[in-house]
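Letters go in sequence order (proteins before strands), and every chain restarts at 1.
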Number of protein chains: 2
Amino acid sequence: MGRTGDSRERIVRASARLLLSRSYGSVSVDDVCAAADVRKGSFYHFFPSKADLAKAVVDLHTDALLDRLAAAAGTSAAARLHGVADAVGAIQTRFESRFGRVVGCPFGNLAAELSTVDDTLRDHVASAFARWEREFAVICHRAHQDGALRDGVDPDRLAHSLLAHTQGRILLAKVGGHSAADVATGLHELIDVHLREGAV
Amino acid sequence: MGRTGDSRERIVRASARLLLSRSYGSVSVDDVCAAADVRKGSFYHFFPSKADLAKAVVDLHTDALLDRLAAAAGTSAAARLHGVADAVGAIQTRFESRFGRVVGCPFGNLAAELSTVDDTLRDHVASAFARWEREFAVICHRAHQDGALRDGVDPDRLAHSLLAHTQGRILLAKVGGHSAADVATGLHELIDVHLREGAV
DNA sequence: TCATCCGTTGACCGACCGGTCAACTACCGC
DNA sequence: GCGGTAGTTGACCGGTCGGTCAACGGATGA
């Protein structure tokens, strides 16, 4: 082994950073190798193609997100719902301070750019979204059982709606140059309008 | 003039089609020229760069969208609100039948891929979104004046929320392989929860 | 001690990228 | 008829792209 054997991890982390600050198409394998201080041959030792690297990056973000969502506390179901909005806001705020601006959602960025280009990658991102939505759905169902949801609000559909809203808000903040805090505020509003009057 | 002098238009229309079916990064200037049956020199006679072509495509879609939104009829303000959801659904359904799948929003796709890469392009797309949101806002304000909106719902914030939701739903449909009809349904639901009970 | 194997290196490749250019052509106003 | 000009053509360019490969090195286990 050359140095410490953490080359693969350095590659994934470096490309996660580069993909957020730019885009899949504008980040070359050479860029990634330079940022990770790894030679190209090593890169292709770990990843059969650039697309596979992107999948690894998706997995990295998926693990991080699911951890964060699980850690999001909250006593009542309604508070838990607001907790996920806070979690999303916290992640975006962290990206914002790291890159100096809202740079989008790691999943959403790849989904928008590559869904129509690489079908296996599309499928991979879709799975990540599905897991994310399932986490939301669990919380929505709990809120439903607690009677915190407005009449006629279906928990599964609310979960999907929440995810869509998250993606849309982040995208608009990215293109419009808004702040990550606005994203969180918008999500809180969306949640409130779905909660029964008088719920926390 | 070589043929009929409609080269520029052919270029824009061909690249509008290619950008929707693929992505900015995966569509080359050569691809566009081939699809438009135009030689590369002609392309660069009309557009100083590939990015400028993308701006022209944005303008094309902006005009089409604003026309469509203006044509969306509706007697009551609430019906008008649902009318914009139908308009979005109709556009997406048309794309779906043209390309065999949901291919995303022309603005959203470019916003996600290029906001962090090309600042002038980002600004151009942001302007298009701003005009779109303003159209939504006009209708939301009308609904507000008519007392159709739930208490505490701010019309401007609702317009932004509606736009975000539109983008998010389209993105999720694109990556998840859902239908354009689902997008419209989701938008109708979002509108309904913001309307006062008993409003049409 | 030695073979094995994972990781590493750097040179290399053909294709394709966005973009340029000088020459040519057909129209239009004069 | 003639000059100017908008449009067109095809050859051309340097750079970069994703990806390949043979050779090498150092730890590990027998």
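- With rounding to whole Å, D37(B) atom CG is found 17 Å from dG7(D) atom P.
- Per the geometry, CZ belonging to R10(A) stands 12 Å off C1' belonging to dG7(C), to the nearest Å.
- Partners of R17(A) according to the salt bridge (charged side-chain N to carboxylate O under 4.0 Å, His left out) rule, which considers only residues two or more places apart in sequence or in another chain, do not exist here.
- Rounding to whole angstrom units, CZ of residue R22(A) and P of dT16(D) are separated by 13 Å.
- Counting only residues at least two apart or in different chains, side chain to side chain donor-acceptor pair (under 3.5 Å) contacts with residues 42-51 of chain A comprise S49(A)-D52(A).
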Could you go through residues 126-139 of chain B and list every donor-acceptor pair under 3.5 Å that involves a side-chain atom there, pairing it with any protein atom two or more places apart or in another chain?
unit_1  : atom_1 : unit_2  : atom_2 : d
S127(B) : OG     : D123(B) : O      : 3.1
E133(B) : OE1    : H160(B) : ND1    : 3.0
E133(B) : OE2    : H160(B) : ND1    : 3.1

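- Non-hydrogen atoms lying under 4.0 Å from DNA chain C are contributed by G41(A), S42(A), H45(A), F46(A), all within residues 40-59 of chain A.
- Annotation: proximity of residues 24-35 of chain A to DNA chain D (heavy atom, distance under 4.0 Å) is found for V27(A), S28(A), V29(A), D30(A), numbered in ascending order.
- For residues 54-66 of chain B, the pairs satisfying side chain to side chain donor-acceptor pair (under 3.5 Å) are K55(B)-T120(B), D59(B)-H124(B), with sequence neighbours left out.
- Between the P atom of dT8(C) and the CD atom of E9(A) lies a distance of 13 Å, rounded to the nearest Å.
- Ion pairing between D37(B) and R10(B) fails under the 4.0 Å rule for side-chain N and carboxylate O.
- Residue L171(A) is found outside any hydrophobic cluster, as its side-chain heavy atoms come under 4.5 Å of no other Ile, Leu, Val, Met, Phe, Trp or Tyr.
- Applying the side chain to side chain donor-acceptor pair (under 3.5 Å) test to residues at least two apart or on different chains, the pairs with a partner in residues 84-107 of chain B are D86(B)-H188(B).
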Can I get a per-line list of side-chain donor-acceptor pairs under 3.5 Å for residues 178-185 of chain B, giving both atom names and the distance, sequence neighbours left out?
unit_1  : atom_1 : unit_2  : atom_2 : d
S179(B) : OG     : A181(B) : N      : 3.3
S179(B) : OG     : D182(B) : N      : 3.4
T185(B) : OG1    : A181(B) : O      : 3.0

